[in-house]
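To start, the structure under review is shown below, and the notes come after it.
The model shown is predicted, which means the values in this text are computed figures rather than measured ones.
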Amino acid sequence: MFDGRSTRSEYWSFSLIGFIIQILFNQYDIQSNLWNDEYSIGVTSTIFYLVIFVPSLAVSWRRLHDIGKSGWMTLLWLVPVVGWIWILILLFTPSQDGDNGYGVKSVNIT
């Protein structure tokens with residue numbers, strides 16, 4: 001799950017689909033009175049977040065492998081502001097050409 005490489009499009013497609021589903025679950029929670037206004041959290045959206053946490057961590061890890069960085073750099077999310085900016089820059093960085101120490105380059109079929 002954490003081995004190999006993920007292309008930029010694979011990472012951002014996964015993130016966009018997850019974001020849209022999270023919004024839909026938030027709306028469902030609000031409409032179903034499962035939303036807690038005090039904590040801004042809903043039951044089904046929290047369950048979805050917990051289910052998607054490890055796969056999103058894995059795709060981020062593999063995305064960093066694709067640019068030749070260690071997956072441990074995902075810990076930059078824990079550093080407020082500066083870490084967030086740095087990890088976003090890394091996630092937008094184009095893939096390394098050819099193979100690297102983390103695996104063979106993914107082939108895009110177009």
Side-chain angles (χ1 to χ4, degrees):
M1 183 179 249
F2 288 83
D3 294 333
R5 297 167 65 170
S6 290
T7 62
R8 204 171 21 173
S9 62
E10 180 183 348
Y11 173 80
W12 288 109
S13 297
F14 180 87
S15 297
L16 178 64
I17 291 168
F19 180 72
I20 291 169
I21 292 171
Q22 186 71 42
I23 289 172
L24 294 174
F25 277 127
N26 287 345
Q27 290 303 312
Y28 174 78
D29 286 338
I30 291 168
Q31 297 298 319
S32 302
N33 290 326
L34 298 172
W35 186 261
N36 184 326
D37 284 330
E38 182 180 353
Y39 298 109
S40 296
I41 194 168
V43 174
T44 55
S45 57
T46 300
I47 292 169
F48 173 73
Y49 178 77
L50 293 173
V51 167
I52 202 75
F53 178 73
V54 172
S56 63
L57 184 62
V59 77
S60 298
W61 197 278
R62 292 191 333 263
R63 175 69 194 120
L64 290 170
H65 283 176
D66 192 46
I67 61 170
K69 304 289 184 193
S70 170
W72 287 103
M73 291 190 78
T74 55
L75 292 175
L76 286 172
W77 284 117
L78 300 175
V79 179
V81 185
V82 174
W84 304 338
I85 292 169
W86 183 246
I87 194 78
L88 283 172
I89 289 169
L90 291 175
L91 293 173
F92 277 109
T93 301
S95 301
Q96 272 189 342
D97 289 333
D99 301 344
N100 66 18
Y102 299 104
V104 296
K105 182 176 171 94
S106 300
V107 177
N108 289 335
I109 300 172
T110 54

* Asked: L64 versus W72: any side-chain heavy-atom pair under 4.5 Å?
  ->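 A side-chain contact is absent here, since even the closest heavy-atom pair is not under 4.5 Å.
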Do you know which two heavy atoms are closest between [X] and [Y], and how far apart they sit?
{"X": "W35", "Y": "S45", "value": "CZ3-OG, 4.1 Å"}
{"X": "S6", "Y": "V59", "value": "OG-CG2, 3.7 Å"}
{"X": "T93", "Y": "I89", "value": "OG1-O, 2.8 Å"}
{"X": "Y102", "Y": "R5", "value": "O-CG, 4.3 Å"}
{"X": "M1", "Y": "V54", "value": "SD-CG1, 3.7 Å"}

* Under the ring-ring contact (aromatic ring centres under 6.0 Å, His included) rule, collect the residues that match up with F2, sequence neighbours excluded. =>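 Residues passing ring-ring contact (aromatic ring centres under 6.0 Å, His included) with F2: W61.
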* Asked: Got a sec, which residues hit ring-ring contact (aromatic ring centres under 6.0 Å, His included) with F48, two or more places apart in sequence or on another chain?
  ->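 So F48 forms a ring-ring contact (aromatic ring centres under 6.0 Å, His included) with F25.
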* Structure fact -> Here the salt bridge (Lys or Arg N to Asp or Glu O under 4.0 Å) pairs for residues 40-64, sequence neighbours left out, are E10-R62, R63-D66
Which atom pairs, one a donor and one an acceptor, fall under 3.5 Å between side chains of residues 74-88 and the rest of the protein, sequence neighbours left out?
{"from": "T74", "atom 1": "OG1", "to": "G71", "atom 2": "O", "distance (Å)": "2.9"}
{"from": "W84", "atom 1": "NE1", "to": "W77", "atom 2": "O", "distance (Å)": "2.8"}

* Hydrophobic cluster of F19, others only, ordered by chain and residue number, side-chain cut-off 4.5 Å -> I23
* **I20: hydrophobic cluster co-members (side-chain, 4.5 Å)** => L16, L24
* Asked: Any chance CZ of F14 has more than 12 other-residue heavy atoms, nucleotides or ligands included, within less than 6.0 Å?
  -> yes
